[in-house]
Amino acid sequence: MEYSNLQQQASSLKKSLFDQGYLDEQFCQIEDLQDEASPNFTEEVVSLFFKNSTRLMAIIEQAMEKNPRDFSRWDVNMQQLKGSCCSIGASRMKNECTSFRNSCGDENAEGCMRSFQNLKREHGVLRQKLESYFQLLRQAGHAVSVTATRPRGM
């Protein structure tokens, strides 16, 4: 594929991530920190996020299995995951964390389970979409200007 086509695809994919609510402005702020000295900074931050979030979700899942109805423990673990989501701009994931925490406050185990399943689904979709985005950037030789791919209004 030619360079301009790859640029356009990356830009369109990023715009769709914002339009569909997967990402928020925090993601752009991370991209703004990327420079020639650290050209893969955003991808590295996102990779660390997915490694950490996968670990946190396993901890939450274990807590839900081993400590049924221990809503305060579930909530503390989910608060940590929510903070990670906020730090990279994973908006849909953050919203599911909030929903889970609200269900904890209501001591609604069913609501927690439903939110957790939604969270896992959002995690998988976001991972796949961001992997595709970073692959396009790599294919374009990473020459796509971060600010040039910023969605309108950001």
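Side chains are part of it too, since the values below use all heavy atoms of this structure and drop only hydrogens, waters and symmetry mates.
Side chain of S132 to backbone of Q128: a donor-acceptor contact under 3.5 angstrom is found. For the pair S11 (side chain) and Q7 (backbone), a donor-acceptor distance under 3.5 Å is absent. Using a distance-only test at 3.5 Å, with no hydrogens or angles considered, a donor-acceptor pair links the side chain of S115 to the main chain of G111. S12 contributes no side-chain N or O that, together with a main-chain N or O of Q9, makes up a donor-acceptor pair within less than 3.5 Å.
Residue pairs meeting the salt bridge (Lys or Arg N to Asp or Glu O under 4.0 Å) criterion with at least one partner in residues 59-71, sequence neighbours excluded, are E61-K120, D70-R73. Listed by first then second residue, pairs satisfying salt bridge (Lys or Arg N to Asp or Glu O under 4.0 Å) with a partner in residues 91-104 read D75-R101, R92-E122, not counting sequence neighbours.
Annotation: the span from Q26 atom CD to D32 atom CG amounts to 10.0 Å, rounded to 0.5 Å. Distance NZ/K82 to CG/N95: 8.5 Å, rounded to 0.5 Å. Considering SG of C28 and NZ of K14, their distance stands at 4.5 Å, rounded to 0.5 Å. Between the CD atom in E31 and the CG atom in L137 there is a gap of 7.5 Å [rounded to 0.5 Å]. Here the CG-CG distance, from L130 to L13, works out to 8.0 Å after rounding to the nearest 0.5 Å. Interatomic distance, CG of N67 versus CD of Q62, reported as 10.0 Å (0.5 Å rounding).
Inter-residue side-chain proximity for V46 and I30 is flagged as unmet; no heavy-atom pair is nearer than 4.5 Å. No side-chain heavy atom of I59 sits less than 4.5 Å from a side-chain heavy atom of L81.
Using a 30° and 60° split on the angle between ring planes, F134 and F27 fall in the tilted class, from 30° to 60°.
Here the shortest heavy-atom pairing between H123 and S53 reads NE2-OG, 2.8 Å. Among all heavy-atom pairs drawn from R121 and N118, the shortest one is NH2-OD1, 3.0 Å. For the residue pair S91 and G21, the shortest heavy atom distance occurs at CB-O, 3.3 Å. Residues A90 and L126 approach most closely at CB-CD2, 3.6 Å, considering heavy atoms. Nearest heavy atom pair, residue D24 against residue F18, reads O-CE2, 3.2 Å. The two residues M64 and W74 come nearest to each other via the heavy atoms CA-NE1, 3.4 Å.
At a cut-off of 3.5 Å, with distance as the only test, no side-chain donor of E43 or S47 sits close to an acceptor on the other residue. Side-chain contact annotation: T54 with R127, donor-acceptor N/O pair under 3.5 Å present.
Using a 4.5 Å cut-off between side-chain heavy atoms of Ile, Leu, Val, Met, Phe, Trp and Tyr, with links allowed through other members, M113 and F116 fall into the same hydrophobic cluster. Linking ILVMFWY residues whenever their side-chain heavy atoms come closer than 4.5 Å, directly or via other members, places L33 and I88 in the same cluster. Taking hydrophobic clusters as Ile, Leu, Val, Met, Phe, Trp and Tyr residues chained together by side-chain heavy-atom distances below 4.5 Å, F49 shares a cluster with V125. Side-chain heavy atoms closer than 4.5 Å link hydrophobic residues (I, L, V, M, F, W, Y) into clusters, and following such links, even through other members, never connects V76 to M93.
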